[in-house]
*Asks:* 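Take a look at this one; I'll ask things after.
Atom set for the values below is all heavy atoms of this structure, side chains included, hydrogens, waters and symmetry mates excluded. Atoms within a ligand are numbered from 1 in the order they appear, just like the ligands themselves.
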Amino acid sequence: MTKPLYQSLPKAELHMHIEGSFEPELMFEIAARNGINLPYKSITDLKNLYDFNNLQEFLDIYYQGVSVLQTEQDFYDLTWAYLLRAQADHIVHTEIFFDPQSHTDRGIDFDTVINGLYRALMDGESQLGISFGIIACFLRHLPEQAAFDIYPDIVRHKDKIIGIGLDSSELGHPPEKYQRIFAQAKKDGFKLVAHAGEEGPADYIWQAINLLEVDRIDHGNRCLDDAELVKTIVAKNLALTVCPLSNLKLKVVADLKNHPVRTMLQQGIRVTINSDDPAYFGGYLNENFARLQTAIGLSDEEIKQLIHNSFTASFLPPDLIQKHLTRLQSSGHN
Ligand code: ADE
Ligand code: ZN
């Protein structure tokens, strides 16, 4: 049997929280070696909690999981496990998020975190052929001052960190709250992204564009509520990093049959497919394509467009983007 197109094509992933790739099996293993008691009796017990009604219910479990990560090796193992999954899905470039404040607020040194991630990603580049970017996200439920407090650590590791993001609880924490720190990061030459319009309204996407001056929007589903906003996103050729299984698990969409990805493509938006928090949402990148294809019958043309977009929307330099696009073409699929 021939492989499905989304499986055989090389791809980039642009929206994946490394802490959201923490599989329960590895979580229990790391908790045990660090002498930490998780508040769940078993892996099955934990997995039974992966039934969320909204973003906050997921985040509460996600931060609990994060709390077992302590040593540089823990962060290495977490990242390496993701890279093996990425390789299996034929991902050749990945831009991963991490949440530094979720670690430093527990007393873990920033350097412990970034060095573990970076070492694994460098090994992934040399051994698995997966290039990478690292994006440090501010937790938006915390005050803007907390972002300013951690920012010097991010700058200190500017050789390893390509961009700044904004994540965590969206409702009640509009992008405008982070306008000053994003302006500083732009001045310092970081790429900028922000979660917007996942649960929050179209206005949060406007703010991310106009006040934060982001280079990409993470999720952005709610842009379809506002025709003028769609026009602006298309005119600016801003990419959206959309996450179908996340949308389903967090009840952003009731059914994948109602997923807006086709409408977004038809409206000319540069949309990409991503796994968000794959350990919690039921699958890695190819599973997102597979489930979408089953639900809405993605055509080969649509799949090729989504994968093409994953490279053009990446933060790779233009010559490398071109190399990937040429490789896509030469695999006879474009
Ligand atoms: N942190 C991890 N996953 C997230 C998501 N889907 N939305 C906001 N913050 C997150
Ligand atoms: Zn996300």
*Asks:* Name the option, out of Ser246, Ser168, Gly20, that contains the heavy atom nearest to atom 8 (C) of ligand 1.
*Replies:*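 It is Ser168 that holds the nearest heavy atom.
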*Asks:* I need the atoms of ligand 1 closer than 4.0 Å to a non-hydrogen atom of Tyr62, numbered in the order shown.
*Replies:* 2 (C)
*Asks:* Kindly check if the number of other-residue, nucleotide or ligand heavy atoms within 6.0 Å of CZ (Arg291) is above 12?
*Replies:*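 Counting other residues, nucleotides and ligands, CZ of Arg291 stays at 12 neighbours or fewer.
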*Asks:* Do Asn48 and Tyr40 have side-chain N/O donor and acceptor atoms under 3.5 Å apart?
*Replies:* no
*Asks:* For a quick check under 3.5 Å, do His157 and Asn115 share a side-chain donor-acceptor pair by atom type?
*Replies:*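 No pair is found: no donor N or O on one side chain lies under 3.5 Å from an acceptor on the other.
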*Asks:* So Asn221 and Glu198, do their side chains get closer than 4.5 Å, heavy atoms only?
*Replies:* no
*Asks:* Do any heavy atoms of Leu59 fall under 4.0 Å from ligand 1?
*Replies:*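 Leu59 counts as a contact of ligand 1 under the 4.0 Å cut-off.
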*Asks:* Using only heavy-atom distances, determine whether the side chains of Tyr63 and Ser168 contain a donor-acceptor pair under 3.5 Å.
*Replies:* yes
*Asks:* Strictly under 4.0 Å, does any heavy atom of Phe58 approach an atom of ligand 1?
*Replies:* yes
*Asks:* Ignoring hydrogens and geometry beyond distance, is a side-chain donor-acceptor pair present between Glu72 and Thr112 at under 3.5 Å?
*Replies:* no
*Asks:* Does the distance from a Lys or Arg side-chain N to an Asp or Glu carboxylate O, for Glu23 and Arg85, drop under 4.0 Å?
*Replies:* yes
*Asks:* Do you know how many protein N, O or S atoms are within a distance smaller than 2.8 Å of the Zn ion (ligand 2)?
*Replies:*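 N, O or S atoms of the protein closer than 2.8 Å: 4.
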*Asks:* May I ask you to check whether Ser310 and Glu13 show a side-chain donor-acceptor distance below 3.5 Å?
*Replies:*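 The answer is no; no qualifying pair exists.
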*Asks:* Under 3.5 Å, is there a donor-acceptor pair linking the side chains of Asn309 and Gln305?
*Replies:*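 There is such a pair (donor and acceptor under 3.5 Å, judged by atom type) between the side chains of Asn309 and Gln305.
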*Asks:* Pick whichever of His17, Met16, His219, Gln56 has a heavy atom sitting closest to atom 1 (N) of ligand 1.
*Replies:* His17
*Asks:* For atom 6 (N) of ligand 1, what's the nearest protein heavy-atom neighbour? Residue, atom name and distance, please.
*Replies:*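 So the nearest neighbour among protein heavy atoms is Asp276 OD2, 2.7 Å.
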*Asks:* Students should be able to answer this: which protein heavy-atom is nearest to atom 7 (N) of ligand 1, and at what distance?
*Replies:*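 Result for atom 7 (N) of ligand 1: Glu198 OE1, 2.8 Å.
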*Asks:* Is a donor from one side chain sitting under 3.5 angstrom from an acceptor on the other, for Asp99 and Tyr62?
*Replies:* yes
*Asks:* Distance to 0.1 Å, residue and atom name: give those for the protein heavy atom nearest to atom 3 (N) of ligand 1.
*Replies:*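 Of the protein heavy atoms, Asp277 OD2, 2.7 Å lies nearest.
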